[in-house]
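Numbering of residues begins at 1 and proceeds along the displayed sequence. Indexing begins at 1, ligand by ligand and atom by atom, following the structure's order.
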Amino acid sequence: MSITRRGFLGAGAAFTALSGCRMGGAANAGGKRWYKGNLHCHTFWSDGRAFPEEAVFWYKSRGYNFLGLSDHNVFQEDTDRWVSIVGDGTALKKPRNDGSIKYRYQPTVNYRYFDEYVKAFPDAVTRKNADGGIEARLSTFTELSARFNAPEEFLLLPNVEATRSVDYANGRRNQLHMNYVNIPQLLPSYLEKGFNRREKDIPLASFLAAHAQEVAAVAKARATPHLFILNHPIWTWYDVGPEVVVENPLLRFFEVCNNGSPFAPGAGLPMDGFDTDRFWDVANAFRMRRGLPLLYGIGTDDTHRYRGEPGNMLMPGNAWSLVRAGSLDAASLIAAMRAGDFVTCEGLEPEDVAFDPSAGRLEVAVPAGQRERTVRFIVSKRDFSEKPVATTVVRPDNHKDETTFERTINIYDEKIGKVVKTVVARPGEAIRASYTMESNDLYVRARIEEVGVPLCTASLHPQGLHVAWTQPYANPSI
Ligand SMILES: [Zn+2]
Ligand SMILES: [Zn+2]
């Protein structure tokens with residue numbers, strides 16, 4: 001059975017019912033406005049289950065201003081990339097990957113998806129192959145940009161999710177997933193080593209730093225501003241501890257929220273309060289002590305499924321970033337993000353965020369909601385101890401495959417990630433709250449929460465909590 005374009009669009013409508021507190025709209029006094037975007041989603045160019053037009057249309061039609069299609073180990077610029085249409089719509093084939101350097105992640109697409117695609121986009125390019133089967137051509141980044149970009153309304157950014165495994169002598173395997181934005185090419189080391197390359201026995205910190213350096217070098221050679229982002233660091237099978245990201249000044253961004261989730265499903269997390277907020281504070285406390293720049297947290301969907309297919313995880317519309325920039329272009333958006341002038345949202349958006357560096361004061365305005373809303377100001381204290389106060393061994397309980405292993409998590413003292421002020425607004429009350437840093441605060445950030453129904457029913461949404469995060473602001477007196 002096929003569904004119409006209306007049906008395709010309707011499938012996601014429930015995920016966008018925000019309360020109208022969106023900061024976008026009229027430019028503020030500084031001539032800047034808030035732009036909403038998602039920098040992590042997938043299409044048939046890799047393991048996402050949508051043609052690229054469908055993915056872009058989903059976001060643009062819901063008011064997103066920028067988007068990066070971050071397919072695994074490929075930049076969507078091959079000019080002659082075809083997928084075979086298979087099946088009759090009753091069964092979904094598993095994605096295949098033949099491991100060649102020429103990327104062939106998912107060479108077949110189920111007929112059900114194709115049927116929806118050609119109804120929504122009748123100019124889809126198709127052909128018959130020698131066996132009489134249908135093939136469809138995947139549109140490229142350039143074609144998608146030409147089709148969807150509109151001044152001050154929508155911008156597609158080049159994006160790739162660099163994806164690598166490292167095997168260790170003890171049998172353990174880790175994966176690192178990293179997005180690089182606004183560099184329209186695959187990294188030279190990936191072209192050289194092929195899609196499926198597995199590294200051996202490289203410490204994760206070195207491997208991450210090598211990626212950061214390669215991305216920075218390519219960006220420099222192209223003379224283009226860029227972002228380099230560590231994705232879902234503490235997912236069960238992508239386990240990267242905060243210690244791994246300390247000595248890495250080129251890494252400025254990580255996903256504090258991936259598809260609305262701060263942590264992996266199952267696997268005993270969060271353990272002793274360990275989630276991406278904790279990860280963030282540990283990383284930044286250590287980094288500031290070493291004079292390294294703060295790590296900023298972004299929110300993304302990591303969309304793989306767009307229609308509520310069985311499994312129903314990694315759906316669109318869960319987490320996004322609002323960037324305060326002068327105009328909707330790559331240079332302005334990236335400059336604003338590198339300056340930390342953005343907020344990260346999962347179902348909740350603040351009204352305004354302001355930091356006064358001369359006073360060391362962070363101020364947050366939150367509109368009234370139908371439920372209680374809470375603002376927590378969080379700091380790390382200058383005299384924290386780098387020695388863990390405890391270690392916790394986490395054993396996976398529901399991902400019993402060969403890539404999942406127990407791991408040890410360090411728990412640090414309460415001076416890292418300390419909540420120093422909490423302001424609660426009852427339903428119908430707006431909040432305007434501020435915190436002025438004390439001399440022994442390394443930085444301050446705010447986390448805004450509202451108990452609520454997840455925007456989608458993905459299995460990665462265990463909390464029923466909407467959250468917005470400001471970025472951390474360094475204490476200017478340090
Ligand atoms: Zn990933
Ligand atoms: Zn991804």
Side-chain angles (χ1 to χ4, degrees), residues 37-50 52 54-56 58-59 64 66-76 95 97 103 105-106 141 156-166 173-181 183 186-187 190 195-199 204 207-208 211-212 215 227-240 244-245 251 253-265 267 269 276 279 297-306 309 311-321 344 346 399 401 403-404 456 458-461:
N38 171 38
L39 291 174
H40 193 166
C41 63
H42 297 270
T43 72
F44 283 136
W45 278 96
S46 66
D47 59 347
R49 296 191 182 181
E54 295 175 309
V56 180
W58 197 101
Y59 285 96
Y64 283 67
F66 63 94
L67 179 71
L69 302 177
S70 55
D71 282 303
H72 296 284
N73 295 354
V74 65
F75 179 61
Q76 308 93 349
N97 170 14
Y103 191 88
Y105 199 100
Q106 186 160 280
F141 173 82
L156 196 61
L157 290 165
N159 200 351
V160 174
E161 185 171 23
T163 308
R164 275 286 193 257
S165 293
V166 186
R173 176 179 303 158
N174 285 83
Q175 285 201 39
L176 272 180
H177 290 201
M178 302 143 284
N179 279 9
Y180 56 91
V181 181
I183 300 176
L186 198 55
L187 294 176
Y190 280 63
F195 172 74
N196 253 347
R197 166 90 171 197
R198 283 201 179 123
E199 304 294 341
L204 280 183
F207 200 40
L208 181 61
H211 277 88
V215 166
L227 302 172
F228 176 67
I229 303 157
L230 172 64
N231 295 341
H232 43 68
I234 62 169
W235 276 30
T236 308
W237 52 100
Y238 306 107
D239 39 350
V240 179
V244 166
V245 304
L251 177 70
F253 302 91
F254 85 115
E255 284 181 338
V256 68
C257 184
N258 174 284
N259 200 248
S261 175
F263 52 81
L269 288 176
T276 45
F279 176 103
I298 73 164
T300 73
D301 282 338
D302 197 0
T303 323
H304 283 68
R305 305 180 188 207
Y306 293 78
E309 299 97 322
N312 205 23
M313 60 187 287
L314 298 169
M315 297 285 290
N318 290 307
W320 58 93
S321 299
T344 294
E346 194 269 86
H399 288 283
D401 62 53
T403 63
T404 307
C456 97
S459 60
L460 299 183
H461 270 277

ask   = Are any N, O or S atoms from C41 nearer to the Zn ion (ligand 2) than 2.8 Å?
value = no

ask   = Of all the atoms in H40, is at least one N, O or S atom closer to the Zn ion (ligand 2) than 2.8 Å?
value = yes

ask   = Checking only N/O/S atoms, does H72 have one that is under 2.8 Å from the Zn ion (ligand 1)?
value = no

Which is the closest N/O/S atom of [X] when seen from the Zn ion (ligand 2)?
X    : result
D302 : OD1
E161 : OE1
H42  : NE2

key: Heavy-atom check, side chain of L251 versus side chain of M178, under 4.5 Å   = no

message = Side chains of T276 and E255, heavy atoms from C-beta outward: is any pair under 4.5 Å?
response = no

query = In H232, which N, O or S atom comes closest to the Zn ion (ligand 1)?
reply = NE2

query = Under 30°, 30 to 60°, or over 60°: which ring-plane class applies to F141 and F75, parallel, tilted or perpendicular?
reply = tilted

request  = Compute the centroid of each ring, for H72 and then for Y190, and state whether the two points are separated by less than 6.0 Å.
outcome  = no

task = Scan side-chain atoms only and decide if N73 and S46 contain a donor-acceptor pair under the 3.5 Å cut-off.
result = no

